[in-house]
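What follows is one structure encoded as structure tokens, with my remarks underneath.
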Amino acid sequence: MRILGVIVLLGLILIAFLVAFALPGLRAEPTDVPVALVAPDAVAAQLEAAAEDAAPGAIAWTSAEDLSEALRMIREREVVGALAVGADGLTALAPSAAGPTIAALVTETSQRIGDAAGLPVTVTDPLPFTEDDPRGIGLSAGALPIALGGWIAAVGIIATVRGSSRRVIAALGFAVLGGAAMVAVLRFWLGTFDAHYPALAAAGMLGIAATSLLVLGLQRLLKGLGITIAALILILLGNPLSGLTTPRELLPVPWGDIGQFLPPGATGALLRNVGFFDAATAWGPALVLAGWALIGVCAYALGGVRERRAAAALTGAFGEMPAKAG
């Protein structure tokens, strides 16, 4: 019966992994995607109504005075794109750096509105990916290994390094070396980024440090259960909800926002903000990663306290035992 129970439990875990990875993509649809609109009030109302008829609830409009303000809002991550009505028709700002799927949504929305209003449409990309990686494959494929690299490092450190302080030093050392090396591959080999290497490397280091310290801390405090909890946070939830493969704006509410508070999502957001948005709002995901690192450190310290108490109790128990007669 015990073997049967283990088999059933493993089967349920496997199903949970399948659902966690497949469901976000299957249920992905735009809901309240923030887009700026530059148009007179009367015209804006007509355009918003046309967009609502074409895709109910897909767009959450934000008014902007002109294209310059709209571009500022895009760079500061307040919106993911913009539409502007001018003498030449409808201009759409669809930044691919916000994500190819999001750029396609802004473009499609502008085409639908243009067709409904009888306006010619011009689509521009104010924040493109690099020429070497025009679709940003390196960002989506590279951010997750950086975030999960801390998991791999922590498991390896637990298996091979003895001593509590040595494990922390090893984790931090790997974060520095691994973050610098993996971002260097994205920057100088794959060409995903074309600038800001020191800041990008720091972002990679922080992502790896957060995950490795979290795994080390949970394992020391909760042993095997801690490893399981870390897997749930980083892999079962963090990976599919990261917003890297499926943009967070398309994930079911509120899962897209929740994913940004998990290490993989925060790491991807930090790399995207530093690499393409001049570090606008980078403090948000940086604080999230710092928070996970702090949780790991606190858990590690609490685990050390528990170990010392257990050792003291064991020493006291043996010390109270009567000595055997010679």
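Numbers for residues simply follow the sequence, beginning at 1.
Chaining together hydrophobic side chains whose heavy atoms lie under 4.5 Å apart leaves Ile169 on its own. Through side-chain heavy atoms spaced under 4.5 Å, either directly or across other Ile, Leu, Val, Met, Phe, Trp or Tyr residues, Trp283 is tied to Leu287.
For the side chain to side chain contact (heavy atoms under 4.5 Å, CB included) with Ile233, the qualifying choice from Ile235, Leu237, Ile229 is Ile229, the only one to do so.
Partners of Trp61 according to the side-chain contact (heavy atoms from CB on, under 4.5 Å) rule, which considers only residues two or more places apart in sequence or in another chain, are Val35, Leu37, Glu48, Ala51, Ile59, Leu83, Thr109, Ile113. For Arg166, there are no side chain to side chain donor-acceptor pair (under 3.5 Å) partners, not counting sequence neighbours. Remark: Asp132 pairs with Thr130 by the side-chain contact (heavy atoms from CB on, under 4.5 Å) rule, at least two apart or across chains. Remark: Glu69 pairs with Arg72 by the salt bridge (Lys or Arg N to Asp or Glu O under 4.0 Å) rule, at least two apart or across chains. Evaluation of the ring-ring contact (aromatic ring centres under 6.0 Å, His included) rule for Phe188 yields Tyr197 as partners, not counting sequence neighbours. For Ala82, the side-chain contact (heavy atoms from CB on, under 4.5 Å) partners two or more places apart in sequence, or in a different chain, are Ala36, Ala70, Ile74, Leu93. Every ring-ring contact (aromatic ring centres under 6.0 Å, His included) that Phe129 has, sequence neighbours left out, goes to Phe276. Applying the side-chain contact (heavy atoms from CB on, under 4.5 Å) criterion to Leu294, with sequence neighbours excluded, gives Cys298.
Glu76 CD to Thr281 OG1: the interatomic distance, rounded to the nearest 0.5 Å, is 8.5 Å.
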List, one per line, each side-chain donor-acceptor pair under 3.5 Å for residues 198-217, sequence neighbours excluded.
from	atom 1	to	atom 2	distance (Å)
Thr211	OG1	Ala147	O	2.9
Thr211	OG1	Gly150	N	3.3
Thr211	OG1	Gly207	O	3.3
Thr211	OG1	Ile208	O	3.0
Ser212	OG	Ile208	O	2.9
Ser212	OG	Ala209	O	3.2

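Glu249 has no carboxylate O lying under 4.0 Å from a charged side-chain N of Arg77, or vice versa, which leaves the two without a salt bridge.
Between Asp133 and Leu190, every side-chain heavy-atom pair lies at or beyond the 4.5 Å cut-off. Counting heavy atoms from C-beta on, the side chains of Val85 and Leu47 come closer than 4.5 Å. The shortest distance between side-chain heavy atoms of Leu244 and Pro264 does not fall below 4.5 Å. Looking at heavy atoms from C-beta onward, Gln111 lies in side-chain contact with Val123 at the 4.5 angstrom threshold. By the 4.5 Å heavy-atom criterion applied to side chains, Leu127 and Arg75 are counted as neighbours. Residues Thr62 and Met73 have side chains in contact (heavy-atom distance under 4.5 Å, counting atoms from C-beta outward).
Annotation: cation-pi pair Arg187/Phe193 absent, no NZ/CZ under 6.0 Å from the ring centroid and within 45° of its normal.
Pairs engaging residues 92-128 under the ring-ring contact (aromatic ring centres under 6.0 Å, His included) rule: none recorded [sequence neighbours left out].
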